[in-house]
Protein chains: 2
Amino acid sequence: MSDWLPALGQAPRRVLSDNVLDELRAVIVSGGIEAGQRLRENELASQMRVSRGPVREALVRLEQEGLVVLERHRGARVVVLSRDDREKLYRLRRALEELAGEYACANATEADFDRANAVVEEFVRSEDSTRTPAAAADFDIRFHDSIYVAAHNDPLYRAWTVLRSQVHYFMTTRMMLRPDYNETWEREHMRLLELLRERKKSPCRKFIGLHVEGSFRRILLDQLPDDSEHPAEVAHASR
Amino acid sequence: MSDWLPALGQAPRRVLSDNVLDELRAVIVSGGIEAGQRLRENELASQMRVSRGPVREALVRLEQEGLVVLERHRGARVVVLSRDDREKLYRLRRALEELAGEYACANATEADFDRANAVVEEFVRSEDSTRTPAAAADFDIRFHDSIYVAAHNDPLYRAWTVLRSQVHYFMTTRMMLRPDYNETWEREHMRLLELLRERKKSPCRKFIGLHVEGSFRRILLDQLPDDSEHPAEVAHASR
DNA sequence: ATATTGTAAACCGTCAACGGAATGCAACTC
DNA sequence: GAGTTGCATTCCGTTGACGGTTTACAATAT
């Protein structure tokens, strides 16, 4: 077998439902669709120029990501997260990410660290004007995702997959960019990478716990004074 | 609106893909299909007398449950769990279930405890002859699932659903029923219910940690001396 | 005017068929 | 005969259509 080729990575084997999934997820987590809004298969299909098949498949996947709620014979709606859900979400995220830190200490390769570092550098290089809440949330999710990847732990990564989009959605829709956001973000994530590189599990666990806790508190504190569970049940007042 | 009726619960609104999903999951977790075996959509569809649509939907859901691996243009296979995966799975399960215990202490209702207790009682009442590994695994999963339900924590429950079927599968295929299994099972689960009813988080957390750890060790210790990652790549030796 | 019932439109669940990718085998080359 | 190439089959991805459920609205009764 010929192995003199420059090791070109496997060709991406994507299908329509993958594109529909990515597109829908991107729109939802960036806040492009109101929480609780209906997602009609026909509408989405014609808008994306595909049939309903791929759309249905994408919706099932979005349900498992927690971005969409499916009800039999009634269709899909964008999920509505209560304040309570958000707290539970972050408590769980903390537990998972502490585990991820330990596993990353044990299993991460240099390439893993490089990829995580690349995200931080890209953030630093990005122009101030592009730093919208959505963009900032993107960077944050990408960085933390790279930690889960570095953990080389399949069950753990699958569990993270179930939270990731909800966390992403949460961050985008509720983040306030304080003046010191950029500096803090860069400092904390660089520090985390250092700790991981030293491969000392216990300090990593502690730092990650504080980091997740802090990021949650920052978002919560910056919230609108009235967190009155926006009704979002607008269009349908019947029964 | 008339509310003089005897509060009849909402009618089950199941569709074909739900049945296909349940049936496939039951067959796989009970060990009815070899690990690594291909699942052909046409075959499954004709065997269950449905079209490929519901089958595809069920397969996507089974993928998120971790029972099946989908590859684009190549179809589905029953997942093959390495020994390493199983260890990671249980370590993660431990973290989740400790959390579930704490939340259950805080949120569980009497009805929740009753449902969990009913599983234990059903186990005790069941005939010895019916206690196959598959049946025992079913009881165990049902009990622990009821704990997650009692936690009243949606994100946590969704994370558990990502592990549950793999744990179930793992238990069924590797469990050995020692002579003292029945007694131990009943005692430990009754004790856990007591602790939860007392609603003391810290002892619960500790007990659950030990319980999960112990159940993993029992399964691992009872394993065949040679855990040589059964190839399972039988039918296809090409490339 | 309020509540209830009947009706039509909208929408989801399912199916069957078509086209294309992947696999396995045979023919071919060297 | 070992390795490669072409070919046929198998199987997946996608589509468009049909039937049943749900929802919204209008008509009717109280």
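Any value given below was found using the heavy atoms of this structure, including those in side chains, with hydrogens, waters and symmetry copies removed. All of these numbers come straight from a predicted model, not from anything done at the bench. Note on naming: letters A, B, ... go to the chains in the order of the sequence lines (proteins, then strands), and numbering restarts at 1 for each one.
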Distance in angstrom units between [X] [atom1] and [N] [atom2], rounded:
X	N	atom1	atom2	result
A:Arg77	C:dC11	CZ	P	12 Å
B:Arg14	D:dG20	CZ	C1'	18 Å
A:Glu57	C:dG13	CD	C1'	15 Å
A:Asp18	D:dC12	CG	C1'	13 Å
A:Leu21	D:dG13	CG	C1'	16 Å
A:Leu59	C:dG13	CG	C1'	13 Å
B:Glu43	D:dT10	CD	P	13 Å
A:Glu41	D:dT14	CD	P	15 Å

side-chain hydrogen bond (donor to acceptor under 3.5 Å, both in side chains) between B:Glu23 and B:Asn19, intermediate numbers included
CA-CA 6 Å; B:Glu23 181 68 16; B:Asn19 297 331; over 6 Å; no
So, does [X] get its side chain near the phosphate of [N], meaning an N or O under 4.0 Å from OP1 or OP2?
X	N	result
B:Arg56	D:dC12	no
A:Arg38	C:dC12	yes
A:Arg40	C:dC11	yes
A:Arg52	D:dG16	no

Measure from the side chain of B:His73, starting at C-beta and using heavy atoms only, and say which of D:dT14, D:dT22, C:dA22 lies closest.
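In terms of side-chain proximity for B:His73, the closest of D:dT14, D:dT22, C:dA22 is C:dA22.
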Identify which nucleotide among D:dT15, C:dA21, C:dC15 has an atom closest to any side-chain atom of A:Ser51, counting heavy atoms from C-beta outward.
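Looking only at heavy atoms from C-beta outward on A:Ser51, the closest nucleotide is D:dT15.
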Most 5' of B:Arg49 and A:Leu39 on DNA chain C, judged by nearest nucleotide
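Residue closer to the 5' terminus by nearest nucleotide: A:Leu39.
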Over 12 foreign heavy atoms within 6.0 Å of CD, B:Glu127
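Open: at most 12 neighbouring heavy atoms sit under 6.0 Å from CD of B:Glu127.
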Closer to the 5' end of DNA chain D via nearest nucleotide, is it B:Arg74 or A:Val50?
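Result: B:Arg74.
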When we call it a touch if two heavy atoms are under 4.0 Å apart, what does [X] touch: a base, just sugar-phosphate, or nothing?
X	answer
A:Arg72	sugar-phosphate
A:Gly53	base
B:Arg13	sugar-phosphate

Steps toward salt bridge (charged side-chain N to carboxylate O under 4.0 Å, His left out) verdict (B:Arg61, A:Glu63):
CA-CA 10 Å; B:Arg61 294 197 139 98; A:Glu63 187 195 30; 2.7 Å; yes
Pair B:Tyr90, B:Phe170 - check ring-ring contact (aromatic ring centres under 6.0 Å, His included), show working.
CA-CA 10 Å; B:Tyr90 259 70; B:Phe170 179 25; 5.4 Å; yes
Cation-pi check for A:Phe139 against A:Arg131: NZ or CZ below 6.0 Å from the six-membered ring centre and within 45 degrees of the axis, yes or no?
no
